[in-house]
Amino acid sequence: MSLPLLRKETREHGPVLAATAAIGALALFTMLGVAENSGGRFVGLTRFLLTIGPLIALVLANRLLVREYTGRTQFFLETLPIGRTRVFATKWLLGCGLMLLMAWLSWRLALSYTRRTEVLATADANRVLVCAAVFCVTIWSFAALAGMLGRYRYLAWAAVIAAALLAMDIAGIPLFDLPIIRLLGQGVQMATDLPETSAFVEALVVTVICMTGATALALVGSGAMASTLAQRMTARERAFALVALIAVGTISTTLEPKPVQPPFEITRGERYEGRWTRVGVLPAGTLDADSAGSLAHTIADDSDALIEALALTEHPPVFVLAQQGMDRHVMQRAALDASDGIVLKVAPNAPTENVRMLVAHSLVADSTLSRGMKDDRHVLLDGLATYWPMRDDEAGRERWWLRAASLPDTLPVDYLTNWAETSERFGECQSLALAFSVFDTLVQRSGRDATLAAMKELFREPKDDLRVLFERRPAATLATAGVDFASVATAASAAREQARERHAPELARRPMIEASVDWRNTPGRGIEIETTVSGVSRYAAYYRVLWPWTTDAGDMPRFDVLGGSAVLPLSPSRSDRVLAVIEVDDEVLDCPVRVLAKRLEFR
Amino acid sequence: MNAALFRKEFRDLLPWGVLSLAFGLNNVVQLLLEQVDSTPLGQTFFLLNGENVVLYWLIAFAIGTGLAVREHDDRTLAFLDGLPVSRSRVFFVKCAVMTLLIFAGPLLELVGVGVLHLMSRGSLDSALHAGLLLQAGALQALFLLNGLMLGAAFGRLRSLAWAAAGLAVTAILLFIDRVPRAALLNPLTLLDWQWTNAVIVVDGETVRTQLAVTVVAALLAWQGFVRAGKGRLSLNLSGPIVGAVVAVATIGTLGTALFLIVRPFDAPVSSVDRGDEGGGYQFDPSPPAQTVTQHYRISYPAHEADAALALAAGADDVFERVHELLGVPPGELIDVDASGSAPNTHGMAFHGRLAMELRTDREVLAVLAHETAHVVAHRVAGDERDWLWQAAGTLNEGLASWVETRFRGRVEREDERLLLLAAMHSRRELLIDELVDPAVIQQVRDVSVEYAAGEALIAALVRLHGDGAVARLLQAFADPRLPSDLRGYALWQSTFQLAGFDLGAVVDEFYRGIEQYAAANAESIAALPRPRVVLVRVGRSIGAMLVVDSPQSGSTEHELVIRFRPAPDSPLADYQQSDAAPNEPIWPRGRTMRGGRICVQPGVKIGAEVLYEPWTCLPTSDAVEYGTLLREQNPADDRAL
């Protein structure tokens, strides 16, 4: 150490350091105040050290080390009767001392904050001081090394920050598990525990390496390296640095985070391993172990046959979880990663054919990366999925024909290719019946093998990017099989007409239901959306406020109405658009039937 | 001459334009890397007022800082003065070029998402809503112009520009924290859009304010450019020390502003009156005191020794029973800070220690049990590595509530909570997909659902798998094989699976219990009112009125409540709740309105619990004149007046 040099540094950097200290103090007070409601004790201190600490180290390194080289004032220092080593040591130790002073002052302030309300043992508090001091020394040693890198110093900081972010995002290492930052973990924040010894060893190693590096840069070759590095970056270097940062960012987005969660599995329940498909069914309520086993077997058979028929490359496991309290006709698919397979939640008394249908639908939808659900081909996916469990079940198919026969005989011209609109209009049960009628007609016209060949072509695994633009349109694919949507629609309509004649007695038993949805806006009651239904004693109303481009409204809130009319419990704005839906249970069709679906605008 | 000027400025500023364009292109290319015909506006419209637009604003601000001063500082202004054009014209040409260049990126994105929509649209979203896109473009343009002009105005401060900007941002954010209505001073509020079918609803007052700010900033910049080099010496802070001070101040202010914007360690901020703030007077704080039991070290204000010692007397029993309930051996001593808790809470647990209120109306040992359960769970679920347990908010709070219930003297609580859950379930509003995500629960419904539903889930787990199940589940959360960023349903599934349980079976049991209760109490559930909200106004005051539709409109069995919050993401401390009666308006404080919208939530009291309807944010322009309403309802009174 050299006292004259210390005095010189103080004179030169005093005002800046005072300004820095003032800003730091302000930040510390703010953080301690905020931390009172989120843990207290030393939470504010650790936040301060993590955020402002490195900034102060950066400022100190810039002032004490970088400026001497960029301003070439180190040449003057070299003319003084003190060695280069002593100059560097003085500056390094001064910076280190100032960082330690900052650590002590902030710790002292945090301690006095804590002791206003809590009795805290000095020994516990001192342990926090040790951690804070070690953290500050390590940060300083890195800042000094980065400072000696001259024009590349910010790159060094950027590299460390990028590495920390990558470690958290890609390797899944939590912030307070990162080296050095471990020194400020929860135990320290709460003054309950010191970090493991390895955390101190890591800090020591980093400090020694950084200190050695900085010393080498300052002294080797009479400081020539530091002098050279102090020059400004050339345009080429800037461009390279920018490109390097962008490249790191781009590459990092392509990396798979680790570790990955364990794949979905059930710990009990019935399992069946098919040729391609593994199925697990969790029994509950009325779905006992035998029924669950049988369902698992059936689903595996269905899936294997579908995989072979369409040559699907993905063979995900299938899990069916029975859940009591769910409506019989409601089925949900869990939002999990594709690797978890198909996980369905159904009521214990859900119709088996519906479960099998949803599995088939999910299989094809997943293998087409959801393109099977595009408007222009979704009818065929729904039709295939509904047809598949019924393919060898004449009675089951007739049940779906009965449902299809309940549909109005006149449908819009483009109802097959505007499938989202058709589905919203008719609801799940009847739109599936419609899709079934189309698909079964197709099978009857072209034969099962030819139809499946067309489906195989239609539901091939697509590209997952811009190249989807080059795929063949569904209409063109069907044309190669000798069919077109218009003729299929006509044939299906005729088939439904025949089904109407076949099932006239059952259809006659259905009640005549009329439904309407009206709205009015009165000053005292706001916008009231009133649903009215005649012909049944109870019905369910569903509703949702829509965005301008909403397609599928998804699961909607339900309002059960006893009686003929009710106002929906919704408070929409005048500029909102609301989808209101009315459904009733149809005993003849054995499913809920959508009586009305209307998108309301209040302007 | 205009064209020549335009070309010169264009050449000068082209790098900024390239930056903006490259950024826009980057965002569009990201969309092209997916199935381009499956990217309708329903999936991309949020990009039009997202974070990327804020980045453009920053670029606009940065480019703007040179608008009024760069020619002067580079000594090229004299050359421009020699040309046969006025400085004003030069200034406006600069503005035009900068605006065009900076708008290149957003325009590219706007066109990109529009084209992708045309390629992707289906039968239900076939409309492009070009009017909405045009409005979005206009609002973006205003937003960027605002950034450009503010940058130009602040740029007059030269090296102090960014420090002053940081200071201004900090001041505005702190002001907004106190007075949410002042959010109209924040340019980012221009991006607070409410999408409707016909228009993008933006607070008119905010648009007018920001327009005024932009015009004033433009005038300041224009004046600075026109008078550059003519009057006073320009602000020139040079020299090493001043430079360093400016640099430190810039870092400090920008850092503070960033801290306030991002709030990385977000904590609830009090908005309710506390004893030491509300009365305008203050007592000296009591010195801390401490008492140590076998299992707790309790710090408390010395003047509350009686209450603290009463707590201490029963504390060890609580400790042992909680450990017994959770099926874990008694652990280390717990530090208790009994000097108080955060606003709207009776207690809080942090990383193995707890804070609580001594002067509480609730049963204090039950609070201690609740918080102790949190601490014990924290220790078993990974101690310092319990982030996964913290992320499973419903289970975390549910477990503590489940323990707390066993210490409560009030037996009706369980019944009330079950009725609440059963009512939600019968409305199809008790969704496991929401329960797994605490943020969604708080945003759509209420944090209390976490407690009630979580308690029922833990009860279902214990019913199904016995007393040791809780400990096994907690241990699974500490399993190092789990990714630390696992969240939502995947987190629940993985931890239950590792513990050897089927989440599906537990959820089934959870719903079975609720379904049974719902079936047995169908009439009570059907009798619960479904209040709606109507906004009313008197002058500039906006209030909300609850409306109950028949057949429950006459029911007086259940009291109604109404809550307000400034924004959908407001912290709990900013909520304002009142009891309400049908057709009687409640007038919230101005703090609860932001961006021309008022977020309101009606609720129905079920004993000590409240069954809330989902939150709804309505534009204040929907409010009807309350005076007119009264006159219509009571025309006789009006005539008498």
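All values reported here derive from a predicted model rather than from experimental measurement. Just so we're on the same page: letters track the sequence lines, and every chain starts at 1.
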Please give me the minimum heavy-atom distance between [X] and [Y], naming the atom from each residue.
| X | Y | value |
| --- | --- | --- |
| A:Q261 | B:A490 | OE1-CB, 3.4 Å |
| B:G500 | A:T267 | O-OG1, 3.4 Å |
| A:L282 | B:A505 | CD2-N, 3.4 Å |
| A:G524 | B:V547 | O-CG2, 3.8 Å |

A side-chain contact here means heavy atoms from C-beta on lying under 4.5 Å apart; do [X] and [Y] qualify?
| X | Y | answer |
| --- | --- | --- |
| A:P262 | B:L482 | yes |
| B:W195 | A:W549 | yes |
| B:M119 | A:L469 | yes |
| B:V507 | A:Q323 | yes |

message = In terms of relative ring orientation, are B:F45 and A:W547 parallel, tilted or perpendicular, with 30° and 60° separating the classes?
response =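 If you compare the ring of B:F45 with that of A:W547, the planes turn out tilted.
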[X] side-chain N/O to [Y] backbone N/O, donor-acceptor pair under 3.5 Å:
| X | Y | result |
| --- | --- | --- |
| A:S573 | B:L618 | no |
| B:Q497 | A:P263 | yes |
| B:D622 | A:R574 | yes |

Please identify, among [options], the residue contributing the most non-hydrogen atom pairs under 4.5 Å to chain A.
| options | value |
| --- | --- |
| B:G513, B:C617, B:S123, B:S299 | B:S123 |
| B:T628, B:D335, B:L486 | B:D335 |
| B:V336, B:L535, B:N197 | B:N197 |

Under 4.5 Å from any heavy atom of chain A, what part of [X] do you find: side chain, backbone, both or neither?
| X | value |
| --- | --- |
| B:E613 | side chain |
| B:V199 | side chain |
| B:N583 | side chain |
| B:N26 | neither |
| B:F501 | backbone |
| B:A289 | backbone |
| B:L32 | both |
| B:A355 | neither |
| B:S426 | backbone |
| B:I514 | neither |
| B:L41 | both |
| B:V624 | side chain |
| B:L132 | side chain |
| B:D479 | neither |

What distance separates [X] [atom1] from [Y] [atom2], expressed to the nearest 0.5 Å?
| X | Y | atom1 | atom2 | value |
| --- | --- | --- | --- | --- |
| A:R268 | B:D502 | CZ | CG | 5.5 Å |
| A:K374 | B:S120 | NZ | OG | 5.5 Å |
| B:H351 | A:D193 | NE2 | CG | 13.5 Å |
| A:L570 | B:T616 | CG | OG1 | 7.0 Å |
| B:L31 | A:L466 | CG | CG | 11.5 Å |
| A:K345 | B:D508 | NZ | CG | 10.5 Å |

task = Please report the C-alpha distance between A:S575 and B:V201 in whole Å, then the side-chain angles of each, then the deciding distance to 0.1 Å, and finally whether the side chain to side chain contact (heavy atoms under 4.5 Å, CB included) criterion is met.
result = CA-CA 9 Å; A:S575 46; B:V201 180; 4.0 Å; yes
Could you look at [X] and say if it's the side chain, the backbone, both or neither that has a heavy atom under 4.5 Å from chain B?
| X | result |
| --- | --- |
| A:R115 | backbone |
| A:L369 | both |
| A:D464 | both |
| A:E424 | side chain |
| A:L17 | neither |
| A:A27 | neither |
| A:A334 | side chain |

SB check [X] [Y] (cutoff 4.0 Å):
| X | Y | result |
| --- | --- | --- |
| A:R371 | B:D37 | yes |
| B:R353 | A:E118 | yes |
| B:R121 | A:D375 | no |
| A:R525 | B:D549 | yes |
| A:D327 | B:R428 | yes |
| B:E429 | A:R558 | no |

Partner chain B: residue of [options] with the largest heavy-atom pair count (under 4.5 Å):
| options | result |
| --- | --- |
| A:P569, A:P572, A:G269 | A:P569 |
| A:N62, A:D177, A:L55 | A:D177 |
| A:Y542, A:W419, A:F264 | A:F264 |

inquiry  = Evaluate B:Y511 against A:Q324 for side chain to side chain contact (heavy atoms under 4.5 Å, CB included), listing each step before the verdict.
reply    = CA-CA 6 Å; B:Y511 280 112; A:Q324 295 168 83; 5.8 Å; no
Test side chain to side chain contact (heavy atoms under 4.5 Å, CB included) applied to B:R427 and A:F559, step by step = CA-CA 6 Å; B:R427 298 172 186 180; A:F559 187 45; over 6 Å; no
query = Would A:T192 and B:E332 count as a side chain to side chain contact (heavy atoms under 4.5 Å, CB included) if you check the C-alpha gap in whole Å, the side-chain angles of each, and the deciding distance to 0.1 Å?
reply = CA-CA 11 Å; A:T192 52; B:E332 290 173 17; over 6 Å; no
message = Side chains of B:D125 and A:T551 only: does a donor on one sit below 3.5 Å from an acceptor on the other?
response =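 The criterion, which ignores hydrogens and geometry beyond distance, is not satisfied for A:T551 and B:D125.
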key: side chain to side chain donor-acceptor pair (under 3.5 Å) evaluation trace for B:Q35 with A:D465   = CA-CA 4 Å; B:Q35 296 175 24; A:D465 49 40; over 6 Å; no
